[in-house]
Number of protein chains: 2
Amino acid sequence: MSEPDGRPVATTSPDEMSAFGSAPTPWSAASAGSTLFLLSKVGSRATKLYSEALEPLGLRPRHVAALRFLESRDGASQKDLVSGLWSDSSSVVSLVDEFERQGLAERRRNPRDRRSYGVHITAEGRRVLRSTEALAEEVESRVLARLSGAQRESLLRVLRSVIGTDPEV
Amino acid sequence: MSEPDGRPVATTSPDEMSAFGSAPTPWSAASAGSTLFLLSKVGSRATKLYSEALEPLGLRPRHVAALRFLESRDGASQKDLVSGLWSDSSSVVSLVDEFERQGLAERRRNPRDRRSYGVHITAEGRRVLRSTEALAEEVESRVLARLSGAQRESLLRVLRSVIGTDPEV
DNA sequence: TATTGTTATACTCTATAACTATA
DNA sequence: TATAGTTATAGAGTATAACAATA
C-alpha cells in the first residue's frame with residue numbers, strides 16, 4: 001500500500017496519524033520550551049479526544065476512571081472515590097447517580113455506618129469497562145503517534161514518577 | 001540544613017514538595033497504567049496550579065501563552081492567534097480585548113486587508129511576560145518535584161516529540 | 001462567495017456552600 | 001461536634017452559530 005512513487009500512503013505516517021496535525025504546530029516556537037505549557041496542551045487534547053471516542057458508550061473519561069477505581073476497590077465509599085479520583089463530593093454524587101441509571105454500579109448501605117454507601121460495580125459495569133479499553137488504546141496511539149515504543153515507555157515511566165507512583169521505586 | 005539524624009528537612013524532600021502530595025496517590029493503582037489518564041491528570045493539575053500562581057497578576061495561563069506567541073510573532077492577526085494557540089476565534093477576541101484593557105497588547109488595522117488586525121505586544125506586555133517566568137518556574141518545580149534533572153529533560157523532549165516540534169529532528 | 005472578526009449563547013467541568021442524616 | 005452524602009448554584013473554559021465588514 002503506497003503512492004506511485006513508492007512513498008507509503010500519507011495516512012500511515014506518524015505525522016498524518018498524530019492528533020497534533022502536521023509538524024511544526026504554529027505555537028510550538030513560542031512555547032515548546034515550557035514543560036508546563038506542553039503538559040497542559042497535550043493533557044487537554046488527550047482528554048478531548050478520549051471524550052469524543054467514548055461518546056457512543058454514553059460515558060466520559062471520568063466515568064472510565066471511576067469504573068477502573070471500583071474494579072480495583074469494589075465497595076469503596078463515595079468518600080474513597082473523592083480522594084481516589086482527585087475529585088469532589090458533589091461530582092462523585094452525580095457520577096454514581098449516572099452509574100445507577102445506566103446499571104454500571106450501585107450503592108449499598110454500609111450496615112456499620114449508615115451515613116456511608118459502598119459503591120459496587122456491576123457485571124454490566126465490568127463489561128462496559130472492557131469495551132472502553134480498545135477505545136483508550138486507539139486514542140493513545142493517535143496522541144502518541146510520533147513516539148517510538150521506547151519513548152512511550154519513557155513517557156509512562158516519567159509520568160508515574162511525577163505523581164509518585166513509580167512501581168520501580 | 002538537616003534533621004539531627006542527618007536527613008534533609010522534610011519540606012525539601014521531593015514528596016513534600018510535589019504538587020501531587022505523598023506517594024502513592026490513592027488512584028494510582030487503578031490507572032497508573034494509562035498514559036492517557038496520567039497525561040490528563042498531570043496536565044490539568046499543572047494548569048490549575050499555574051492559574052493560581054498567575055492570579056496576583058490578573059492573568060491566566062492562556063494569556064501568558066498568547067503573550068509569548070505575540071513576542072515571537074509580533075503583529076500576528078487574530079486568526080494567527082487562533083491557530084497559534086489552538087484556540088477559537090471568539091476566545092481570541094475576548095483575550096485581545098483583555099490585553100487592550102490591561103495595556104498589554106493592542107490592535108492595529110492592517111492597511112492591506114482591512115478585515116484583519118495586527119496584534120502588537122506593548123512594552124508593558126513584555127515586562128509582564130518577564131514577570132510570569134519566575135512563576136512558571138516555581139510551579140514547574142512543584143509539579144515535577146519528584147523528577148531528576150535527566151528525567152525533566154527526557155519529559156520535555158518526549159512532549160516535544162508528541163506535538164511534533166522536536167528541535168532535534 | 002469567502003474570510004476576518006464580533007457578539008450572543010450554550011454546554012461541560014469544577015468548585016463552593018448550605019443542608020440532611022447519621023455518628 | 002464531626003462526618004458522609006446531597007442539592008443548588010456559580011464560575012471558568014470552551015464551543016457554536018448568526019452576523020457585519022471587507023475582500
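Just so it is clear: chains get the letters A, B, ... in the order the sequence lines come, proteins before strands, and each one is counted from 1. Quick note: numbers below take in every heavy atom, side chains included, and nothing from hydrogens, waters or symmetry partners.
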inquiry  = Check this one for me: any side-chain N or O of Arg60(B) less than 4.0 Å away from OP1 or OP2 of dG13(D)?
reply    = yes
task = Start with the C-alpha distance between Asp88(B) and Val92(B), add both sets of side-chain angles, then the distance that settles side chain to side chain contact (heavy atoms under 4.5 Å, CB included), and finish with yes or no.
result = CA-CA 6 Å; Asp88(B) 61 282; Val92(B) 166; over 6 Å; no
query = Is a donor-acceptor pair below 3.5 Å formed from side chain Ser77(B) to base dT4(C), judging by atom type as modelled?
reply = no
dT3(D) base / Arg115(A) side chain donor-acceptor hit below 3.5 Å = yes
Whole angstrom value for the distance that separates P of dG5(C) from CG of Asp113(B) = 8 Å
remark   = Separation of dG5(C) atom C1' from Leu81(B) atom CG, nearest Å, is 12 Å
note = Between Arg109(A) and Arg62(A), the residue closer to the 5' end of DNA chain C by nearest nucleotide is Arg62(A)
remark   = Heavy-atom nearest nucleotide on DNA chain C taken for Arg107(B) and for Lys48(B); more 5' hit belongs to Arg107(B)
Using a 4.0 Å heavy-atom cut-off across all strands, classify [X] as base, sugar-phosphate, or nothing.
X         : answer
Asp88(A)  : base
Arg112(B) : nothing
Ser89(B)  : base
Ser51(A)  : nothing

ask   = Between dT14(D), dT6(D), dT22(D), which one does the side chain of Ser91(B) approach most closely?
value = dT14(D)
ask   = Is it true that the side chains of Arg146(B) and Gln151(B) contain a donor and an acceptor less than 3.5 Å apart?
value = no
request  = Take Ser40(A) and Thr47(B), measure what side-chain hydrogen bond (donor to acceptor under 3.5 Å, both in side chains) needs, and give me the verdict at the end.
outcome  = CA-CA 6 Å; Ser40(A) 148; Thr47(B) 303; 3.2 Å; yes
message = Does the structure place the NZ or CZ of Arg108(B) under 6.0 Å from the centre of the six-membered ring of Tyr117(B), at an angle of no more than 45° from the ring's axis?
response = no
